[in-house]
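Heads up, the thing below is written out as structure tokens.
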Amino acid sequence: MAIEKATRLKKLPPYLFAEIDRKKKAAIQAGRDVINLGVGDPDQPTPDFIIEALNEAARDPRNHQYALDEGSPRLRKTIAEWYHKRFGVSLDPVSEILPLIGSKEGIAHLPLAVVNPGDICLVPEPCYPPYRSGTIFAGGVPVYMYLTPETGFLPTLEAIDPRAADAAKLIYVNYPNNPTAAVAGLDFYERLVAFAKKHDILVCSDLAYSEMYYEEKTHSALEVPGAKDVVIEMHSLSKTFNMTGWRVGFAVGNKAAIAALAQVKSNADSGIFGAIQDAAVAALCDESGFVRDQVEMYRRRRDALVDGLCGLGWNVSRPPATFYVWFPVPKGYTSEQFCTAMLEKADIVMTPGNGFGRPGEGFARAALTVPEKRIAEAVERIRKLTF
Ligand SMILES: Cc1ncc(COP(=O)(O)O)c(C=O)c1O
């Protein structure tokens with residue numbers, strides 16, 4: 001019997017980069033000195049104080065059994081304290097906080113909790129792909145909000161067709177943004193909350209990069225008075241604490257959305273390994289300045305890349321947040337042609353912008369996930385090319 005893929009999988013957009021991926025693997029296998037600015041995964045290790053917390057917690061037999069689906073009370077209390085300290089927002093640890101096996105899991109499962117087949121979800125483009133795939137898996141219909149430089153890569157809420165807005169169940173937003181590195185001010189969240197209330201839409205605000213800011217502190221949508229009526233927010237320890245492999249994040253906000261997501265999860269997973277939850281407590285309680293030191297390291301890398309490329313006459317703006325640099329590719333190239341040329345001529349991997357959605361065409365994303373010296377080397381290699 002031939003096993004056929006489910007229709008929902010066939011509805012996912014095609015994977016665009018098979019050819020570039022093949023060339024990247026071939027270059028690495030051939031022993032070429034590839035500088036990989038393609039992946040959004042911190043190159044530095046998880047700090048020792050978190051590993052030590054894990055070590056100790058792993059020896060505790062209470063952590064060897066199934067964890068509570070709703071997360072440990074200690075972690076939920078710590079998240080509430082962290083949120084209050086960071087954003088001035090009070091959360092009830094029992095009903096307004098839900099630990100996740102990484103924020104991707106919550107982002108992708110949320111539509112199963114609140115979207116019925118045929119319902120519209122408003123999805124930004126370019127975007128982190130699970131907003132789109134989560135919507136499709138739940139039978140929802142993504143309606144895209146294009147993010148362009150003219151509006152600071154914020155969606156123009158007034159431009160959304162009012163019929164689509166009225167029919168929508170969920171809207172995803174993500175600031176600091178992957179891939180554009182844009183940030184949103186509190187005024188944007190105020191307009192967003194008003195829009196969501198007017199049209200009865202749940203806002204899913206993805207704050208995976210909330211701590212990776214270089215200038216002003218970033219905001220939470222929950223800072224807007226009354227936001228809990230319509231907002232669920234997703235957070236991650238992955239990028240903040242170099243813990244991408246550990247899989248721990250959390251959802252906070254609207255009680256009904258948290259309860260519905262918890263119900264989906266209790267039918268799909270059995271909680272987060274207790275020792276990882278204890279390590280997450282250690283991370284969120286840290287006062288050593290680890291996170292800000294880490295951000296200063298990314299700032300130096302950012303400046304090395306942006307100043308280097310601008311010095312070559314490229315049009316590259318300095319991102320105010322995230323470890324991504326999003327820039328228009330040189331004239332006469334598509335995103336994919338540009339990234340292929342970078343790989344073939346300079347052994348540098350960057351991500352073509354169109355992989356994040358159509359409006360990403362004409363852009364490329366470079367991740368600051370290699371040491372400053374390697375970034376300087378990348379700029380030197382690019383200097384020798386002609387675009
Ligand atoms: C915008 C955004 N949100 C969420 C995530 C998921 O992070 P995690 O599942 O590791 O918490 C990522 C990861 O790259 C991301 O870029």
Side-chain angles (χ1 to χ4, degrees), residues 17 36-46 50 71 75 79 82 97-111 121 123-135 145 147 153-155 170-184 203-213 218-221 231-253 261 265 268-269 272-273 276-277 279-280 283-284 291 294 298 319-326 350-351 353 355-357 360 363 365-369:
F17 304 131
N36 192 350
L37 306 179
V39 280
D41 196 345
D43 55 313
Q44 299 296 304
T46 309
I50 299 177
L75 176 56
I79 292 167
W82 182 85
I97 294 180
L98 181 63
L100 300 169
I101 308 173
S103 64
K104 182 180 191 178
E105 179 258 302
I107 289 164
H109 278 144
L110 183 64
C121 296
V123 174
E125 259 200 333
C127 73
Y128 178 55
Y131 310 148
R132 192 190 299 126
S133 47
T135 297
M145 307 176 289
L147 308 185
F153 299 106
L154 297 172
L170 184 63
I171 179 170
Y172 282 105
V173 293
N174 162 225
Y175 297 98
N177 185 260
N178 176 16
T180 70
V183 291
V203 175
C204 177
S205 167
D206 176 358
L207 259 73
Y209 297 91
S210 68
E211 302 318 296
M212 220 183 255
Y213 57 85
T218 55
H219 291 282
S220 152
V231 174
I232 184 168
E233 207 150 64
M234 301 293 178
H235 282 264
S236 171
L237 278 77
S238 289
K239 317 283 163 128
T240 310
F241 298 103
N242 302 337
M243 292 174 77
T244 48
W246 296 53
R247 312 314 302 134
V248 59
F250 51 92
V252 299
L261 180 58
K265 282 174 54 56
D269 66 64
I272 309 165
F273 177 32
I276 289 183
Q277 297 192 55
L284 292 170
V291 175
Q294 197 71 14
Y298 289 126
T322 76
F323 56 16
Y324 301 118
V325 177
W326 177 253
M350 290 187 182
T351 309
F356 300 96
F363 289 86
R365 191 193 75 177
L368 302 167
T369 45

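Remember, it's 1-based here, ligands and their atoms both numbered in the order they're listed. All values derive from a computational prediction rather than experimental measurement.
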Open item on the list: Going by the rule side chain to side chain donor-acceptor pair (under 3.5 Å), which residues pair with W82 if we only count those two or more places apart in sequence or in a different chain?
Closed with: none

Protein N/O near ligand 1 N/O, under 3.5 Å, which pairs?
| unit_1 | atom_1 | unit_2 | atom_2 | d |
| --- | --- | --- | --- | --- |
| ligand 1 | 3 (N) | D206 | OD1 | 3.3 |
| ligand 1 | 3 (N) | D206 | OD2 | 2.6 |
| ligand 1 | 7 (O) | S103 | OG | 3.3 |
| ligand 1 | 9 (O) | S103 | N | 3.2 |
| ligand 1 | 9 (O) | K104 | N | 2.9 |
| ligand 1 | 9 (O) | R247 | NH2 | 2.7 |
| ligand 1 | 10 (O) | S238 | OG | 2.6 |
| ligand 1 | 10 (O) | R247 | NH1 | 2.9 |
| ligand 1 | 11 (O) | S103 | N | 2.8 |
| ligand 1 | 11 (O) | S103 | OG | 2.8 |
| ligand 1 | 11 (O) | S236 | OG | 2.6 |
| ligand 1 | 11 (O) | S238 | OG | 3.4 |
| ligand 1 | 14 (O) | K239 | NZ | 2.7 |
| ligand 1 | 16 (O) | N178 | ND2 | 2.8 |
| ligand 1 | 16 (O) | Y209 | OH | 2.7 |

- [ ] Using the test ring-ring contact (aromatic ring centres under 6.0 Å, His included), find all partners of Y175 that sit at least two apart in sequence or belong to another chain.
- [x] F188

Open item on the list: Testing the basics here: between W246 and I276, what is the closest heavy-atom pair and its distance to 0.1 Å?
Closed with: O-CD1, 3.5 Å

Task: Side-chain touch L207/T218, heavy atoms, less than 4.5 angstrom - done: no

Task: From Y324, W326, F356, residue fulfilling side-chain contact (heavy atoms from CB on, under 4.5 Å) relative to T351 - done: F356

Open item on the list: Can you list everything that forms a side chain to side chain donor-acceptor pair (under 3.5 Å) with S205? Sequence neighbours excluded, please.
Closed with: E233

